[in-house]
Amino acid sequence: MRVTVDFDGVLTEPWTSPELDGLDGHILLISALSVASARPRPGIRSLVGFLSTFATVEVLTARPSSQAPDITAWLRECIPEIADSPVHSCAMELKPDFLYSEGIALHVDNDERARVSDGPTCIIWGHQTTKELLREACYILSRVPDLRVAGKPVRRLEELPSHSSTPVYRVETLTTSLKLRVVEDAIQSQNLRQIHAVAASDRHLSEMLRPEQASSPTGIHLTEYVPGQSVASRRPCTDWDVSRQVARWLVTLHEATARADGTCLISCACDAFNLCIDDVGAVRIIDAGDACWGARWIDLIWSEQLLGPWIGGSDELFESYMEFATERPSNDDVTRAIAGYYFRLHSVLRSAIHARRRDEVDLRALKMVRHRRATPPTESLLRKWAR
């Protein structure tokens, strides 16, 4: 399946009306220098990654064909995921004919003239957020009869409800059900890919966090879809095994990724809203998208604050963690970890609130969480274990 994206205004950040005031836009944009100096449009790598999961992405531009090599060089520098994509030159008024004759399934443009009522489907990217744009693309692709992912026919593609800062989708094939997460931030994407890679190399870690699908486009994370109820929705959930499974998983992750500076990969994932119990009673992590590098004790306080109240307290969690762990915190470590937990939680909430600023229901829920967690914790059970 083939999809196309416009160069000016879609791949690149569009010029605004005030910026173009008094200028000849046509002359401005046919300059080869205007290609090299263009900035990628915020959100474009998420769009390209999402589309590339299901289709071949090509570039369609109203610029002259002589500038195709310049555009390819720009892609190689700014959006290397599609650096080898064909670049088609076509006058704006002829774009609908090109799309129809070439059998393009979807085109993304920023000019209404590219859309015709009886032609191929076209998304006009105006002032939509990245999430809104991807929602449109998801809706359109879900209606493509021969849609495929990794060569397998797709039976269903839908957006999943999520309070995360990054959009999440469910992709069902004939044989499996996958979760697709789109991550624009390069560091966040790298951390997420790394935690899945570490989990895939260890039996205990892979029991709770399933490995990613290989060869996903940059910023796209395909994992097994985890069915089941979240711990928060199963309250009361006082099963000792939840604490023990989580403690063993955290220790294994922290010690497998420990660095000389005292930091390790922390999941920020073992909480009541992000853990579910599957049909056989095993604890599974729904998502590890907030993983980062930091002191291991931050992860433990995260679970104390955001999991403990749903499993009858955190005593068993701490006892199990210290049973498996090879080191103990100092009092200073505990103080810093409390501050680190508080900052990390609210930086995650801040990103989620920003991403959901037009979704009133989600926004209210996130702001309620922020309000309830506005006061930093003053103590932690971790202090009991300080050396």
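Quick note: residue numbers are just sequence positions, from 1. Below, all heavy atoms of this structure are taken into account, side chains as well, without hydrogens, waters or symmetry copies.
The nearest pair of heavy atoms linking Val183 to Thr166 is CA-CG2, 4.1 Å. When all heavy atoms of Val35 and Asp70 are compared, the closest pair comes out as CG1-O, 3.5 Å. The two residues Leu157 and Leu147 come nearest to each other via the heavy atoms CD2-CD2, 4.0 Å. Between Ile266 and Gly294, the shortest heavy-atom distance links the atoms CG2-O, 3.9 Å. Residues Met92 and Pro96 come closest through the heavy atom pair O-CD, 3.9 Å. Nearest heavy atoms, Asn191 versus Cys292: ND2-CA, 3.7 Å.
Trp310 has its ring centre less than 6.0 Å from the ring centre of Phe273. For Tyr341 and Trp297, the ring centers sit 6.0 Å or farther from each other.
With hydrogens and angles ignored, the 3.5 Å screen pairs no side-chain donor or acceptor of Ser233 with any backbone N or O of Gln229. With hydrogens and angles ignored, the 3.5 Å screen pairs no side-chain donor or acceptor of Arg210 with any backbone N or O of Tyr225. Judged by distance alone, the side chain of Gln188 and the main-chain N or O of Ala186 form no donor-acceptor pair under 3.5 Å. At distances below 3.5 Å, not a single donor-acceptor pair connects side-chain atoms of Ser320 with backbone N or O atoms of Leu317. Checking side-chain atoms of Arg383 against main-chain N and O of Asn331 turns up a donor-acceptor pair under 3.5 Å.
Both tests do not hold together for Arg344 against Trp302: distance to the six-membered ring centre under 6.0 Å, angle to the ring axis within 45°. Both tests hold for Arg41 against Trp125: distance to the six-membered ring centre under 6.0 Å, angle to the ring axis within 45°. In this structure, Arg143 satisfies the cation-pi test against Tyr139, with its NZ or CZ atom closer than 6.0 Å to the six-membered ring centre and inside 45 degrees of the ring normal.
Thr130 is not listed as a side-chain neighbour of Pro42, based on a closest heavy-atom distance of 4.5 Å or more. Put simply, the side chain of Leu47 reaches to within 4.5 Å of the side chain of Val108, judged on heavy atoms. Val231 is not listed as a side-chain neighbour of Cys276, based on a closest heavy-atom distance of 4.5 Å or more. Counting heavy atoms from C-beta on, the side chains of Leu250 and Ser303 come closer than 4.5 Å. Here the side chains of Thr53 and Val149 are in contact, with some heavy-atom distance below 4.5 Å. Looking at Thr61 and Val87, their side chains come closer than 4.5 Å, going by heavy atoms from C-beta outward. Side chains of His196 and Leu209 form a contact here, defined as non-hydrogen atoms less than 4.5 Å apart. Side-chain contact between Gln213 and Thr223: absent, with no pair of heavy atoms (C-beta onward) separated by less than 4.5 Å.
To the nearest 0.5 angstrom, Ser89 atom OG is 9.5 Å from Phe98 atom CZ. Taking CG from Leu60 and CG from Asp109, the interatomic distance works out to 7.5 Å, rounded to the nearest 0.5 Å. To the nearest 0.5 angstrom, Ser243 atom OG is 6.5 Å from Leu307 atom CG. The distance from the CD1 atom of Ile79 to the OG atom of Ser85 is 9.5 Å, given to the nearest 0.5 Å. Atom CG of Leu133 is separated from atom CD1 of Ile123 by 5.5 Å, given to the nearest 0.5 angstrom. Note that CG of Asn110 is 5.5 Å distant from CG of Asp6, once rounded to the nearest 0.5 Å.
Under the side-chain contact (heavy atoms from CB on, under 4.5 Å) rule, Leu275 has a single partner from Leu306, Ile311, Ile285, which is Ile285.
Ile286 and Val246 are assigned to two separate hydrophobic clusters, defined by single-linkage of ILVMFWY side chains at heavy-atom distances under 4.5 Å. In terms of hydrophobic clustering, with Ile, Leu, Val, Met, Phe, Trp and Tyr side chains grouped at heavy-atom distances under 4.5 Å, Ile124 and Tyr100 are assigned to different clusters. Note on Phe343: it does not cluster hydrophobically with Leu300, by side-chain heavy-atom contacts below 4.5 Å among ILVMFWY residues. Leu205 and Val226 fall into different hydrophobic clusters, where Ile, Leu, Val, Met, Phe, Trp and Tyr are joined by side-chain heavy atoms under 4.5 Å apart, directly or via other members.
Between the side chains of Ser330 and Asp333, at least one donor-acceptor pair of N or O atoms lies under 3.5 Å. Between the side chains of His254 and Tyr321, at least one donor N or O lies within less than 3.5 Å of an accepting N or O. Using modelled atom types and a 3.5 Å distance limit, the side chains of Glu184 and Ser46 yield a donor-acceptor pair. Side-chain contact of Ser380 with Glu304: a donor-acceptor pair under 3.5 Å is present, judged by distance alone. Thr173 and Thr176 are not linked by any side-chain donor-acceptor pair at a separation below 3.5 angstrom, with hydrogens and angles left out of the test. Between the side chains of Thr121 and His107, no donor-acceptor pair of N or O atoms lies under 3.5 Å. Residues Ser177 and Arg170 have side chains that bring a donor and an acceptor to within less than 3.5 angstrom of each other. Side chains of His204 and Thr252: a donor-acceptor N/O pair is absent below 3.5 angstrom, by distance only.
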Salt bridge (charged side-chain N to carboxylate O under 4.0 Å, His left out) between Lys179 and Asp287, intermediate numbers included: CA-CA 9 Å; Lys179 182 183 68 177; Asp287 192 87; 3.0 Å; yes
Dump the intermediate steps for salt bridge (charged side-chain N to carboxylate O under 4.0 Å, His left out) on Asp111 and Lys95, then the final yes or no. CA-CA 11 Å; Asp111 193 318; Lys95 278 186 178 182; over 6 Å; no
Using the rule given for side-chain contact (heavy atoms from CB on, under 4.5 Å), can you reason through Val334 versus Trp385, listing the C-alpha separation, both sets of side-chain angles and the distance that settles it, and then say yes or no? CA-CA 9 Å; Val334 178; Trp385 300 90; over 6 Å; no
For the pair Glu316 and Arg244, evaluate salt bridge (charged side-chain N to carboxylate O under 4.0 Å, His left out) and give the outcome as yes or no after the intermediate values. CA-CA 7 Å; Glu316 295 90 346; Arg244 196 160 182 83; over 6 Å; no
What's the verdict on side chain to side chain donor-acceptor pair (under 3.5 Å) for His221 and Ser189, showing C-alpha distance, side-chain angles and the deciding distance? CA-CA 8 Å; His221 300 268; Ser189 181; 2.8 Å; yes
Between Glu58 and Arg2, is the salt bridge (charged side-chain N to carboxylate O under 4.0 Å, His left out) condition met? List the steps. CA-CA 7 Å; Glu58 304 176 17; Arg2 298 167 64 195; 2.9 Å; yes
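Annotation: Glu77, atom CD; neighbour count of heavy atoms from other residues, nucleotides and ligands within 6.0 Å does not exceed 12. For Arg259, the CZ atom counts as densely surrounded, since its 6.0 Å shell holds more than 12 non-hydrogen atoms of other residues, nucleotides or ligands. Other residues, nucleotides and ligands place more than 12 heavy atoms under 6.0 Å from the CG atom of Leu174. Applying the 6.0 Å contact sphere to CG of Asp24 captures more than 12 heavy atoms from other residues, nucleotides or ligands. Heavy atoms of other residues, nucleotides or ligands lying less than 6.0 angstrom from CD of Gln190 number 12 at most.
Checked for salt-bridge contact, Arg248 and Glu323 miss the test: no charged N lies under 4.0 Å from a carboxylate O. Taking the charged nitrogens against the carboxylate oxygens, Glu207 and Arg284 have no contact shorter than 4.0 Å, which rules out a salt bridge.
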